[in-house]
Protein chains: 2
Amino acid sequence: MSQPHEILFKTLADPTRRAIFERLCRDGDQTVAALTARAGISQPAVSKHLGVLKQAGLVRDRHEGRNTHYSAELGALAPLIDWTNQMAGFWQSRFDNLEDLLKRMDQ
Amino acid sequence: MSQPHEILFKTLADPTRRAIFERLCRDGDQTVAALTARAGISQPAVSKHLGVLKQAGLVRDRHEGRNTHYSAELGALAPLIDWTNQMAGFWQSRFDNLEDLLKRMDQ
DNA sequence: GCGATCGATAACTCTCTGGCTATTGGAAAC
DNA sequence: GTTTCCAATAGCCAGAGAGTTATCGATCGC
């Protein structure tokens, strides 16, 4: 029953985690070490964040020797876009109903 | 320096709070009592959530006698839409750069 | 093989927050 | 004016989660 946007909001609510995702979107493929260098937090903390992002489907990992590369999965943002559109839709349909009402009252 | 989408992600990360906002989008204007009836939590908890939503600019309040009505501010979602578009933009421009590179290599 | 490096896991701490009850301030009803 | 009702505030508590250090498994360079 849990909606797909639920996990996205929770995951992207943390600024550090969002920053990691943004960096992967901007600059593409990155190793954990490269991400840690810029994150300003410890390597285990970065790994944990990457785990959460992966769980949410926002990133993929690719193993290459002893390095692990992460990359953003842009498609994972779709449920978020859907949700905002849905909210806008509710708004619009309420507005339409009001218009209909006024039209009927005008008869 | 704090981006406008920061507070939106934080605010909408909580399911109860998001449910309140969704309800206001769907059904429009609601009193605190009406929202409390459906929320499954105490009235003070609902009031606190409404305070956070208001702080984020996601809702407006309107006082009418001893009742307080809340309504959704749909425009407040704009920074969220902007952010997702920006991520998509980063993605696209990296793709374009790759195309350019391949084109140059092809010469 | 051996030491060094990369990344994940474990175990712990500390803060932040979402929930509660109790109370208060106003506005209506009587 | 007193009581009743609505919503906000205060104060408290428990759980979640973001950070830390320590450690381990695996892979590379020598």
Side-chain angles (χ1 to χ4, degrees), chain A residues 1-3 5-24 27-73, chain B residues 1-3 5-24 27-73:
Chain A
M1 193 58 181
S2 86
Q3 309 280 6
H5 62 259
E6 165 76 29
I7 193 171
L8 291 181
F9 273 117
K10 277 235 192 277
T11 301
L12 294 171
D14 181 71
T16 304
R17 201 151 49 218
R18 207 170 50 247
I20 292 174
F21 179 71
E22 287 176 13
R23 182 156 158 70
L24 289 175
D27 305 334
D29 216 71
Q30 301 280 323
T31 66
V32 175
L35 291 168
T36 301
R38 299 233 178 172
I41 53 175
S42 67
Q43 173 267 313
V46 172
S47 275
K48 203 193 279 186
H49 280 306
L50 288 168
V52 176
L53 285 165
K54 186 178 171 187
Q55 198 73 16
L58 285 163
V59 301
R60 283 180 55 84
D61 59 345
R62 175 173 61 83
H63 298 282
E64 197 171 274
R66 63 180 165 180
N67 295 327
T68 307
H69 294 254
Y70 282 86
S71 57
E73 283 278 10
Chain B
M1 194 59 183
S2 88
Q3 309 280 9
H5 61 260
E6 166 76 29
I7 193 172
L8 291 181
F9 273 116
K10 278 234 192 279
T11 301
L12 294 171
D14 181 71
T16 305
R17 200 150 50 219
R18 206 170 51 248
I20 292 175
F21 179 71
E22 287 176 11
R23 182 156 157 71
L24 289 174
D27 305 334
D29 216 71
Q30 300 279 324
T31 66
V32 175
L35 291 169
T36 301
R38 299 235 178 170
I41 53 173
S42 68
Q43 172 267 313
V46 172
S47 276
K48 203 193 275 187
H49 281 306
L50 287 168
V52 176
L53 285 165
K54 185 179 170 186
Q55 198 73 15
L58 286 164
V59 301
R60 284 178 54 85
D61 59 345
R62 174 173 61 82
H63 298 283
E64 198 173 273
R66 62 182 167 181
N67 296 327
T68 305
H69 293 252
Y70 282 85
S71 57
E73 283 278 11

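All values reported here derive from a predicted model rather than from experimental measurement. First the proteins, then the strands, lettered A, B, ... as listed; each starts at 1.
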Participant: Quick one: which of D/dA7, C/dA8, C/dG18 gets closest to the side chain of B/Gln43?
Facilitator: D/dA7
Participant: Provide, to the nearest angstrom, the distance between the CZ atom belonging to A/Phe9 and the P atom belonging to C/dG18.
Facilitator: 15 Å
Participant: To the nearest Å, how far apart are B/Leu50 CG and C/dG18 P?
Facilitator: 13 Å
Participant: If you assign A/Val46 and B/Glu64 each to the DNA chain C nucleotide with the nearest heavy atom, which residue ends up on the more 5' nucleotide?
Facilitator: A/Val46
Participant: What is the nucleic acid contact for B/Ala45, judged by heavy atoms within less than 4.0 Å: base, sugar-phosphate only, or nothing?
Facilitator: sugar-phosphate
Participant: Start at the 5' end of DNA chain C and walk down; is the nucleotide closest to A/Pro44 or to A/Arg66 reached first?
Facilitator: A/Arg66
Participant: Is there a side chain to side chain donor-acceptor pair (under 3.5 Å) between B/His69 and B/Thr31? Walk through the geometry before answering.
Facilitator: CA-CA 4 Å; B/His69 293 252; B/Thr31 66; 5.9 Å; no
Participant: Just checking A/Lys10: does its NZ atom have more than 12 heavy atoms from other residues, nucleotides or ligands closer to it than 6.0 angstrom?
Facilitator: yes
Participant: Can you tell me how far C1' of D/dT27 sits from NE2 of A/His63, to the nearest Å?
Facilitator: 13 Å
Participant: Which of the following nucleotides, C/dA11, D/dA8, C/dG19, is nearest to the side chain of B/Lys48?
Facilitator: C/dG19
Participant: Hey, which of these two, A/Lys10 or B/Ala33, hits DNA chain D nearer its 5' end, going by closest nucleotide?
Facilitator: B/Ala33
Participant: Looking at A/Ser47, does any N or O in its side chain come under 4.0 Å of the phosphate oxygens OP1/OP2 on C/dG7?
Facilitator: no
Participant: Heavy-atom nearest nucleotide on DNA chain D for A/Ile41 versus B/Asp61: which residue maps closer to 5'?
Facilitator: B/Asp61
Participant: When you measure from the side-chain N and O atoms of B/Thr16 to the phosphate of C/dG19, is any distance below 4.0 Å, counting only OP1 and OP2?
Facilitator: yes
Participant: Taking only side-chain N and O atoms of A/Ser42, does any of them lie within less than 4.0 angstrom of OP1 or OP2 on D/dG19?
Facilitator: no
Participant: Does the B/Arg18 side chain pair with the main chain of B/Leu12, one donor and one acceptor, at a distance under 3.5 Å?
Facilitator: yes
Participant: Starting at atom CD1 of B/Ile20, determine the distance to atom P of D/dA7, rounded to an integer number of angstrom.
Facilitator: 13 Å
Participant: Scan A/Thr36 against the nucleic acid and name what it touches under 4.0 Å (heavy atoms): base, sugar-phosphate only, or nothing.
Facilitator: nothing
Participant: Using a cut-off of 6.0 Å, state whether more than 12 heavy atoms not belonging to A/Arg62 lie near its atom CZ.
Facilitator: yes
Participant: What I'd like to find out is whether the side chain of A/His49 reaches to under 4.5 Å of the side chain of A/Ile41, using heavy atoms alone.
Facilitator: yes
Participant: For the side chain of B/Asn67, starting at C-beta, report the closest nucleotide among C/dG18, D/dT20, D/dA7.
Facilitator: D/dA7
Participant: Please state how far atom CG in A/Asp14 lies from atom C1' in C/dT17, giving the value in whole angstrom units.
Facilitator: 14 Å
Participant: Mind checking salt bridge (charged side-chain N to carboxylate O under 4.0 Å, His left out) for A/Arg60 and listing every partner two or more places apart, or none if nothing turns up?
Facilitator: A/Glu73
Participant: Send over the distance from B/Gln55 CD to D/dT9 P, rounded to a whole Å.
Facilitator: 11 Å
Participant: C/dA8 phosphate, OP1 or OP2: any side-chain N/O from A/Tyr70 under 4.0 angstrom?
Facilitator: yes
Participant: Expressed in angstrom and rounded to an integer, what is the separation of A/Arg62 atom CZ from D/dT27 atom P?
Facilitator: 16 Å
Participant: Among D/dT27, C/dG19, D/dA8, which nucleotide has an atom closest to any side-chain atom of B/His49?
Facilitator: C/dG19
